[in-house]
*Asks:* 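Can you keep this structure in mind? I'll have questions shortly.
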Amino acid sequence: MTMHRLKNALIAALVATGTLFGAAAAVQANNLNAILEVGESRNEAARESQVRIDRLADETRDLLTDYKAVMKQVDGLKVYNARLQRQIDNQLRRIDDIEESINEVTVIQRQMTPLVIRMIDSLEQFIKLDVPFNLEERLERIAFLRNNVDRSDLAVAEKFRQVLEAYNIELQYGRGFDTYSDAIEINGSVREVDFLRIGRISLVYQSTDGNESGVWNNDTRSWEPLDSGDYAAEIRKGVRIANRQATIDLLNMPVHAPEAE
């Protein structure tokens with residue numbers, strides 16, 4: 001009887017012990033699941049955080065790339081602006097120079113017209129005192145210049161150019177060698193003659209029939225007759241040379257030498 005009770009008690013204890021172990025195992029399983037869920041939740045949060053970190057890193061890298069590109073553009077614009085500023089400074093200095101030149105030109109223009117008039121007067125006086133070759137043509141040129149002085153449609157520079165051109169023409173006369181026909185008064189009658197001009201050192205004439213010849217004396221401002229035997233043939237030869245009807249040759253021409261004091 002006693003043994004039977006012990007067996008029942010032992011069985012009851014074992015059952016109780018198994019029950020306790022089962023309950024503990026269940027509790028441990030529940031705790032483990034909770035821990036695993038917390039770990040999984042943390043891992044998911046970590047993954048999400050990493051995704052955000054990667055996205056922020058990409059955005060930061062893109063922003064840095066954009067920043068570097070913008071800084072390069074800024075540096076280029078600084079260089080470009082510095083160059084433009086130098087150009088602007090140069091242009092401003094050029095504008096100042098132009099304005100100063102304009103002011104000077106205004107003053108010069110006011111002085112040019114009196115200068116042109118004085119040059120025309122001097123040229124006219126020179127022509128009247130010079131050897132009287134092509135006199136009508138040369139005086140017509142003076143009249144042309146005087147008329148142009150009063151023209152409002154001509155710039156002062158053009159008027160000055162025309163006067164310089166007239167001076168150059170007179171200069172070339174001193175180097176020229178030519179012949180032309182005209183009429184002069186000889187012994188009270190008007191005769192057609194051939195003139196021969198050798199620079200400004202000699203101006204001679206010969207009548208068309210070859211019987212009369214003369215030379216201009218600029219000291220007396222008159223014509224002087226020449227001995228036909230001495231110069232008639234030379235004058236005819238000079239006329240033919242000037243007309244390119246004969247080859248260039250030496251000529252024996254009357255020249256008025258300056259008198260010794």
Side-chain angles (χ1 to χ4, degrees), residues 45-178 180 197-201:
R47 284 193 295 270
E48 293 177 357
S49 297
Q50 187 62 44
V51 170
R52 288 195 297 272
I53 291 171
D54 293 341
R55 185 176 65 253
L56 290 174
D58 292 340
E59 292 177 355
T60 301
R61 186 166 51 253
D62 293 340
L63 290 174
L64 180 60
T65 302
D66 294 341
Y67 173 77
K68 291 180 178 179
V70 170
M71 289 306 298
K72 287 183 179 180
Q73 293 178 357
V74 170
D75 292 339
L77 289 174
K78 286 181 179 178
V79 174
Y80 180 71
N81 288 338
R83 180 175 297 177
L84 283 182
Q85 186 62 47
R86 290 194 296 270
Q87 292 178 355
I88 291 172
D89 293 339
N90 290 333
Q91 289 175 352
L92 290 176
R93 287 193 294 269
R94 180 60 179 163
I95 290 173
D96 293 338
D97 294 339
I98 292 174
E99 290 178 350
E100 183 178 356
S101 299
I102 291 174
N103 294 332
E104 292 177 356
V105 166
T106 302
V107 175
I108 292 174
Q109 284 182 341
R110 288 198 295 266
Q111 298 174 351
M112 283 293 291
T113 299
L115 174 62
V116 168
I117 293 175
R118 289 196 300 270
M119 292 177 68
I120 294 174
D121 291 341
S122 298
L123 186 61
E124 182 178 20
Q125 184 179 9
F126 172 79
I127 291 173
K128 289 180 178 179
L129 295 176
D130 193 21
V131 178
F133 59 88
N134 297 332
L135 188 58
E136 183 177 355
E137 174 187 339
R138 296 161 73 190
L139 292 178
E140 285 178 355
R141 187 177 298 114
I142 294 296
F144 171 78
L145 294 175
R146 289 195 184 282
N147 290 334
N148 285 347
V149 169
D150 297 328
R151 288 179 56 179
S152 60
D153 59 328
L154 287 180
V156 177
E158 174 61 20
K159 298 174 184 178
F160 184 70
R161 187 198 65 78
Q162 291 177 354
V163 173
L164 289 182
E165 183 178 359
Y167 269 79
N168 185 59
I169 292 173
E170 291 294 330
L171 177 64
Q172 297 303 319
Y173 283 145
R175 304 171 181 172
F177 176 80
D178 66 353
Y180 61 95
R197 178 181 64 83
I198 303 174
R200 283 188 165 87
I201 63 174

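Being a predicted model, the structure only gives us computed values, none of them experimental.
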*Asks:* Can you confirm whether the side chains of Q91 and Q87 place a donor and an acceptor under 3.5 Å from each other?
*Replies:*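 No, no side-chain donor-acceptor pair sits under 3.5 Å.
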
*Asks:* Of all heavy-atom pairs between A166 and R141, which one has the smallest distance, and what is that distance?
*Replies:*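 Of all heavy-atom pairs spanning A166 and R141, the closest is CB-CD, 3.8 Å.
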
*Asks:* May I ask you to decide if M112's main-chain N or O and K159's side chain share a donor-acceptor pair within less than 3.5 Å?
*Replies:* no

*Asks:* Between R138 and I142, does a side chain to side chain contact (heavy atoms under 4.5 Å, CB included) hold up when you go through it step by step?
*Replies:* CA-CA 7 Å; R138 296 161 73 190; I142 294 296; over 6 Å; no

*Asks:* Without swapping roles, check the side chain of N168 against the backbone of L164 for a donor-acceptor pair under 3.5 Å.
*Replies:*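 No; judged by distance alone, with no hydrogens or angles, the pair does not exist.
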
*Asks:* Consider only side-chain N and O atoms of N81 and Q85, and report whether a donor and an acceptor are under 3.5 Å apart.
*Replies:* no

*Asks:* Specify the closest pair of heavy atoms between Y167 and S122, including all atoms of both residues, with the distance to one decimal.
*Replies:*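 In terms of heavy atoms, the two residues are closest at OH-CB, 3.8 Å.
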
*Asks:* Please assess V116 against V149 for the test side chain to side chain contact (heavy atoms under 4.5 Å, CB included), listing each intermediate value before the final yes or no.
*Replies:* CA-CA 8 Å; V116 168; V149 169; 4.0 Å; yes

*Asks:* Would you find more than 12 non-hydrogen atoms of other residues, nucleotides or ligands less than 6.0 Å from E59 atom CD?
*Replies:*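 Atom CD in E59 is crowded, with more than 12 foreign heavy atoms closer than 6.0 Å.
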
*Asks:* Can you name the nearest heavy-atom pair linking N148 to Q162, along with the distance?
*Replies:* ND2-OE1, 2.6 Å

*Asks:* Under a 3.5 Å distance rule, please check whether Y173 uses its side chain to pair with a backbone N or O of N134 as donor and acceptor.
*Replies:*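 Checking the backbone N and O of N134 against the side chain of Y173, no donor-acceptor pair under 3.5 Å is found.
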
*Asks:* Assess the residue pair D58 and R61 against the criterion (salt bridge (charged side-chain N to carboxylate O under 4.0 Å, His left out)); give the C-alpha distance rounded to whole Å, side-chain angles, the decisive distance to 0.1 Å, and a yes or no.
*Replies:* CA-CA 5 Å; D58 292 340; R61 186 166 51 253; 2.2 Å; yes

*Asks:* Would you check, one step at a time, whether the test side-chain hydrogen bond (donor to acceptor under 3.5 Å, both in side chains) holds for D54 with Q50?
*Replies:* CA-CA 6 Å; D54 293 341; Q50 187 62 44; 2.9 Å; yes

*Asks:* Tell me whether R200 forms a cation-pi arrangement with F133, defined as NZ or CZ under 6.0 Å from the six-membered ring centre and within 45 degrees of its axis.
*Replies:*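 The answer is no, since R200 fails at least one limit relative to F133.
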
*Asks:* For L129 and Q125: C-alpha separation, side-chain torsions, deciding distance, then whether side chain to side chain contact (heavy atoms under 4.5 Å, CB included) applies.
*Replies:* CA-CA 6 Å; L129 295 176; Q125 184 179 9; 4.1 Å; yes

*Asks:* Can you establish whether the number of heavy atoms outside R47 located under 6.0 Å from its atom CZ is more than 12?
*Replies:*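 For R47, atom CZ is crowded (more than 12 foreign heavy atoms under 6.0 Å).
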
